[in-house]
Amino acid sequence: MKPAKTLALSMLALGLLVAEPALADSASLSVINWWTAGSEAKAMNVLVQMMKAEGVNIKNDAIAGGGGAQARTILKTRLMEGEIPGAAQIKGVEIQQWGKTGLLANVDAAAKAGDWDKNIPAEIDNYMKYRGNYVAAPMDLHRLNWLWYNRAVLAKAGITAPPQSWKELLADLAKVKAKGIIPMAGGGNGWMIATEFDPIALETGGPAWYREVFVKLDPQAINSPTMVKALERLRQIEAYTPKSLAGRTWNYDTGLVAHGQAAFQIMGDWANGQFEFLGVTPGGPKVGCVAFPGTAKEFIYNVDSFIFFRQHNPAQEAAVVKLAETMTSPKFQLLFNKYKGSIPDLMNVSLKGYNPCQQKSRVQFLEASKDQGLVPSFSQNMSTYGPTTGAFIDSLDQFYTSNESPQAAAAAMAKRVEVAKSQD
Ligand code: GAL
């Protein structure tokens with residue numbers, strides 16, 4: 001497999017290269033994102049409608065590709081052509097890189113109006129600031145470490161309760177296979193493989209090791225017996241995932257589980273939104289959710305946030321601040337997250353009308369925050385960005401789609417990450 005294509009350009013250089021803005025349609029602001037699944041589009045429509053009510057036209061600029069690699073590339077290309085969007089979906093530590101370009105708008109006024117530093121947990125709020133000023137706003141809080149399952153398929157295979165341990169998961173996968181049903185839906189592309197590996201790594205090494213690897217990028221933790229063990233587990237999952245699902249999207253896989261054509265899917269709770277969209281409520285009679293085995297007390301978090309761009313007239317500047325304010329308002333966050341499958345970033349709003357998996361997500365977030373159990377998702381760009389995230393994803397993709405040994409893959413991963421660090 002070829003390494004993930006990244007636009008090799010430092011953020012600082014990007015700031016200098018950006019062309020003079022073309023005079024855009026001042027009545028409409030483009031909001032770049034990668035939300036093209038049915039549930040995602042429905043959730044985004046909440047933003048479009050609410051902004052319309054505020055007198056601001058939003059263009060929902062959705063660029064296909066789960067994980068957003070394509071969306072990020074297109075964002076840079078557009079900027080170089082002088083096309084300045086209102087906002088773009090950028091997450092985690094990458095927000096700091098964008099801050100360096102000097103292209104971002106200051107939305108302190110929105111943060112003040114919504115009391116972000118009081119209403120949003122510090123783990124999330126801190127990401128939104130560059131050098132003390134707010135330049136981004138969060139819209140949701142996703143949990144990665146979930147296992148989704150179809151109840152009828154499990155019953156058919158003689159499984160009475162969802163797996164709670166790695167051993168049980170493997171036994172259940174074997175039972176489903178024996179019935180001629182797809183045990184695990186997944187493996188569509190590098191990003192999906194990394195997304196599945198995320199909870200496997202946490203389960204294998206625990207939160208402290210997870211941080212050594214994916215936050216501190218410690219070569220010894222990466223090329224370690226724990227990583228080898230985690231990769232062996234990924235190999236075991238791969239063995240229960242049909243090759244024919246390569247190239248399929250995460251939401252296609254969610255459909256397989258929803259319709260009883262597959263037993264399990266390992267995916268963040270954007271799958272929760274998609275199950276709802278398909279008419280099956282997770283936690284209801286057809287589909288269940290359980291914390292990924294061995295990670296019940298932990299919470300791998302993924303926060304979708306948007307950076308805002310400086311505009312060329314006061315009306316648009318004001319519209320951008322309004323956008324930031326709306327994205328973080330209780331009314332918007334309640335409705336948006338209901339469709340998205342996630343929970344609001346605002347911990348003080350009630351989750352009335354949310355499904356049992358979402359209710360559980362908030363409880364687990366609050367418990368994990370007290371217990372050192374919160375970790376930023378590497379696969380969703382929360383702990384690293386660009387070349388470094390790419391180094392992990394490429395290594396996992398290479399391993400998954402070849403006969404590479406776990407030992408060789410762990411060593412190659414450590415090497416790739418070192419190279420990526422030197423490019424930063
Ligand atoms: C993630 C994003 C989620 C979800 C997913 C699939 O990176 O954070 O909100 O939409 O991609 O598109």
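Heavy atoms only: backbone and side chains are in, while hydrogens, waters and symmetry mates are out. Treat the numbers as computed from the prediction; the structure is a model and nothing was measured. Each ligand, and each atom within it, is numbered from 1 in the order the structure gives.
Enumerated by chain and number, the residues approaching ligand 1 to less than 4.0 Å through a heavy atom are W34, W35, E40, G66, G67, K91, H142, W191, W250, W270, N302, D304, K340, Q380.
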Side-chain donor-acceptor distances from residues 340-349 under 3.5 Å, at least two apart:
residue, atom, partner, partner atom, Å
K340, NZ, H142, NE2, 3.0
S342, OG, N337, OD1, 2.6
D345, OD2, M139, N, 3.4
D345, OD2, D140, N, 2.9
D345, OD2, Q333, NE2, 3.2
N348, ND2, N119, OD1, 3.1

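Partners of R151 under the side-chain contact (heavy atoms from CB on, under 4.5 Å) rule, at least two apart in sequence or in another chain, are Y149.
Ion pairing between D371 and K297 fails under the 4.0 Å rule for side-chain N and carboxylate O.
A cation-pi arrangement is not found for R362 relative to F365, the charged atom failing to lie both closer than 6.0 Å to the ring centre and inside a 45° cone about the ring normal.
When every heavy atom of F275 is checked against every heavy atom of T254, the shortest pair comes out as CE2-O, 3.4 Å.
Listed by first and then second residue, the side-chain hydrogen bond (donor to acceptor under 3.5 Å, both in side chains) pairs involving residues 31-49 are N33-N60, S39-Q274, N45-Q49 (not counting sequence neighbours).
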